[in-house]
Amino acid sequence: DFGTAELTLLGASPKAAEQLEYWKKTLSGAGEFRFPTDRPRQADAPPEAGHVRVDLEAGFTANLRKLSQQAGVTLFMTLAAGYAHLVKILGGVDDLCIGTVASGRPGERFDETLGMFVNTLALRFSSAQGQSVLDYLRQARETCLGAYSHQDIPFELLASQGFGSLIQTMITYENADSRELQLGSCAMEQIKADIPGSMFACSLDIIETGGVLHLDFEYDANAITEETARRWASWFRKILESFMAKPGEPLREARPFDLAEEKAVLGFGRGKESAIPSACLHEIFAEQAAANPALTAIILSLIHISQGIVR
């Protein structure tokens with residue numbers, strides 16, 4: 001069965017050793033990142049997932065396929081590269097890993113076996129100085145092909161060796177036109193259900209039907225507002241538009257901001273500078289307490305203690 005096959009692989013087999021060495025080499029030194037959030041993520045907050053769902057129309061998708069063919073990559077590779085570029089901009093990094101999923105069924109032996117064997121794959125994306133969009137997409141192809149050919153190692157094993165924190169977001173893609181729900185003579189019906197919580201600050205699920213890409217940006221509603229998630233979704237589309245418009249141009253030119261947004265972003269931290277006092281914190285407090293001794297400094301149950309008393 002599948003469990004026996006996996007244990008055999010993870011034993012002393014040369015294949016397992018080769019694949020594990022590949023992942024260690026590939027993920028070593030990869031940068032970690034965090035999404036910018038509107039609120040701090042509260043560990044004890046009840047899980048609450050938000051969803052922003054947008055469609056990329058058939059004409060848009062067809063042009064993405066043309067770009068993919070030009071670069072010699074699949075549509076998924078283009079979408080994953082675009083999403084990684086967005087996340088790198090949001091995280092302020094040039095090197096990161098995003099997760100995706102593989103069937104987890106080695107060979108044809110388990111094609112008809114019932115079970116959830118999905119495995120997480122880490123896709124590492126980095127940006128080189130002067131790299132063009134086409135070069136970036138071709139690099140994404142090598143990244144994906146390398147991960148696919150070494151997908152037998154469970155991600156849990158990599159996580160146990162210190163690589164688990166590298167994945168802070170996921171992207172999945174499925175062509176639903178080829179999906180057939182059939183189990184012998186049983187009649188089957190698909191039921192869509194949202195998971196109440198979000199595993200990551202943000203992740204992207206893509207389903208294609210009839211040439212239309214249906215994007216589902218799932219976000220942690222405890223940390224990110226719907227407005228922010230919608231902005232990120234619009235930026236993702238703008239990045240893909242930029243890829244298609246100027247595939248030979250440097251990747252750094254594929255910016256999702258319009259002029260007003262770029263001006264606002266570049267203005268962060270460039271306002272009027274305020275002098276930082278050289279005194280210690282307790283000295284500053286003593287100065288304020290001397291100037292306003294009657295103001296309340298501490299509230300303890302029904303007791304109010306003034307700044308003068310604390311001083």
Undergrad: Using ring pair (Phe, Tyr, Trp, His ring centres under 6.0 Å) as the criterion, list what pairs up with Tyr22, not counting sequence neighbours.
TA: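 Only His150 meet the ring pair (Phe, Tyr, Trp, His ring centres under 6.0 Å) criterion with Tyr22.
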Undergrad: To the nearest 0.5 Å, tell me how far Leu157 CG sits from Asp152 CG.
TA: 12.0 Å
Undergrad: Between the side chain of Asp220 and the main-chain N/O of Asn222, is any donor-acceptor distance below 3.5 Å?
TA: yes
Undergrad: Decide yes or no for Met170 and Leu204: does some side-chain heavy atom of the first lie under 4.5 Å from some side-chain heavy atom of the second?
TA: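 No. Closest side-chain heavy atoms not under 4.5 Å.
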Undergrad: Do any N or O atoms from the side chain of Thr296 and from the backbone of Ile298 form a donor-acceptor pair under 3.5 angstrom?
TA: no
Undergrad: For Ile207 and Thr209: C-alpha separation, side-chain torsions, deciding distance, then whether side-chain contact (heavy atoms from CB on, under 4.5 Å) applies.
TA: CA-CA 7 Å; Ile207 295 180; Thr209 58; 4.2 Å; yes
Undergrad: Return a table of donor-acceptor pairs under 3.5 angstrom between the side chains of residues 69-85 and protein atoms on other chains or two or more places apart.
TA:
residue	atom	partner	partner atom	Å
Thr74	OG1	Met77	N	3.2
Thr78	OG1	Ser68	OG	2.7
Tyr83	OH	Thr169	OG1	2.6
His85	NE2	Ala254	O	3.0

Undergrad: For residues Val212 and Ala58, report the shortest heavy-atom separation together with the two atoms involved.
TA: CG2-N, 3.9 Å
Undergrad: Side chains of Cys202 and Phe217, heavy atoms from C-beta outward: is any pair under 4.5 Å?
TA: yes
Undergrad: Which pairs with one or both residues in residues 80-102 pass salt bridge (Lys or Arg N to Asp or Glu O under 4.0 Å), sequence neighbours excluded?
TA: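 Found Asp95-Arg124.
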Undergrad: Let me confirm one number: the CG-CD distance from Asn292 to Glu287, rounded to the nearest 0.5 Å.
TA: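 Answer rounded to 0.5 Å: 10.5 Å.
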Undergrad: Do Gln131 and Gln139 come close enough that some side-chain heavy atom pair is under 4.5 Å?
TA: yes
Undergrad: Check whether any side-chain heavy atom of Lys24 lies under 4.5 Å from a side-chain heavy atom of Phe163, and answer yes or no.
TA: yes
Undergrad: Hey, are the side chains of Arg34 and Gln168 touching, using non-hydrogen atoms and a 4.5 Å cut-off?
TA: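 A side-chain contact exists here, since the closest heavy-atom pair is under 4.5 Å.
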Undergrad: What residue pairs, at least two apart or across chains, pass salt bridge (Lys or Arg N to Asp or Glu O under 4.0 Å) with a residue in residues 127-136?
TA: Asp135-Arg138
Undergrad: How close do Leu166 and Ala30 get, counting heavy atoms only, and between which atoms?
TA: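 For Leu166 versus Ala30, the nearest heavy atoms are CD2-O, 3.6 Å.
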Undergrad: Taking Ile224's backbone N and O only, do any of them form a donor-acceptor pair with Thr37's side chain (distance below 3.5 Å, no angle check)?
TA: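 Absent.
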Undergrad: Restricting to non-hydrogen atoms, name the atom on Phe243 and the atom on Leu67 that form the minimum distance, rounded to 0.1 Å.
TA: CB-CD2, 3.7 Å
Undergrad: Can you list everything that forms a side-chain contact (heavy atoms from CB on, under 4.5 Å) with Ser28? Sequence neighbours excluded, please.
TA: none
Undergrad: To the nearest 0.5 Å, what is the distance between CG on Leu86 and CZ on Phe236?
TA: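 It is 7.5 Å, given to the nearest 0.5 Å.
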Undergrad: Could you list the residues that satisfy salt bridge (Lys or Arg N to Asp or Glu O under 4.0 Å) with Arg231, not counting sequence neighbours?
TA: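 Applying salt bridge (Lys or Arg N to Asp or Glu O under 4.0 Å) to Arg231 gives Glu227.
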Undergrad: Can you name the residues that form a side-chain contact (heavy atoms from CB on, under 4.5 Å) with Arg230, not counting sequence neighbours?
TA: Val52, Glu226
Undergrad: Atom OG of Ser198 and atom OH of Tyr219: how far apart are they, to the nearest 0.5 Å?
TA: 10.0 Å
Undergrad: Side chain of Asn119, backbone of Ile153: donor and acceptor closer than 3.5 Å?
TA: yes
Undergrad: Applying salt bridge (Lys or Arg N to Asp or Glu O under 4.0 Å) as the test, list every pair that has at least one member in residues 59-87; sequence neighbours left out.
TA: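 Pairs touching residues 59-87 that pass the test: Arg65-Glu208.
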Undergrad: Got a sec, which residues hit ring pair (Phe, Tyr, Trp, His ring centres under 6.0 Å) with Phe35, two or more places apart in sequence or on another chain?
TA: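 With sequence neighbours excluded, Phe35 shows a ring pair (Phe, Tyr, Trp, His ring centres under 6.0 Å) to Phe33, Trp232, given in chain and number order.
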Undergrad: Quick one: CD1 on Ile206 to CG on Leu213, what's the gap to the nearest 0.5 Å?
TA: 6.5 Å
Undergrad: Once side-chain contact (heavy atoms from CB on, under 4.5 Å) is applied, do any residues pair with Glu253, and if so which ones, sequence neighbours excluded?
TA: Pro250, Arg255
Undergrad: Mind listing the closest non-hydrogen atom pair of Gln151 and Gln19 along with its distance?
TA: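 In this case the closest contact between Gln151 and Gln19 is N-OE1, 3.7 Å.
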Undergrad: So, do Ser242 and Ile239 sit near enough that their side-chain heavy atoms are less than 4.5 Å apart?
TA: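 Side-chain contact under 4.5 Å: no.
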Undergrad: For residues Ala122 and Trp23, report the shortest heavy-atom separation together with the two atoms involved.
TA: O-CZ3, 3.3 Å
Undergrad: Please step through side-chain contact (heavy atoms from CB on, under 4.5 Å) for the pair Phe60 and Leu240, ending with a clear verdict.
TA: CA-CA 9 Å; Phe60 190 98; Leu240 296 178; 3.9 Å; yes
Undergrad: List the residues meeting salt bridge (Lys or Arg N to Asp or Glu O under 4.0 Å) with Glu241, not counting sequence neighbours, and say none if there are none.
TA: Arg237
Undergrad: Return the minimal non-hydrogen interatomic distance between Ser132 and Pro247, and the atom names on each side.
TA: CB-O, 4.2 Å
Undergrad: Rounded to the nearest 0.5 Å, how far apart are CD1 of Ile167 and CG of Leu27?
TA: 8.0 Å
Undergrad: Among all residues two or more places apart in sequence or in another chain, which pass the side-chain contact (heavy atoms from CB on, under 4.5 Å) test with Leu281?
TA: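 Testing Leu281 for side-chain contact (heavy atoms from CB on, under 4.5 Å), a comparison that skips the adjacent residues, returns none.
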Undergrad: For atom CE of Met199, is the number of surrounding heavy atoms from other residues, nucleotides or ligands below 6.0 Å larger than 12?
TA: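 For Met199, atom CE is not crowded (no more than 12 foreign heavy atoms under 6.0 Å).
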Undergrad: Side chains of Thr225 and Arg39: does their closest heavy-atom pair fall under 4.5 Å?
TA: yes
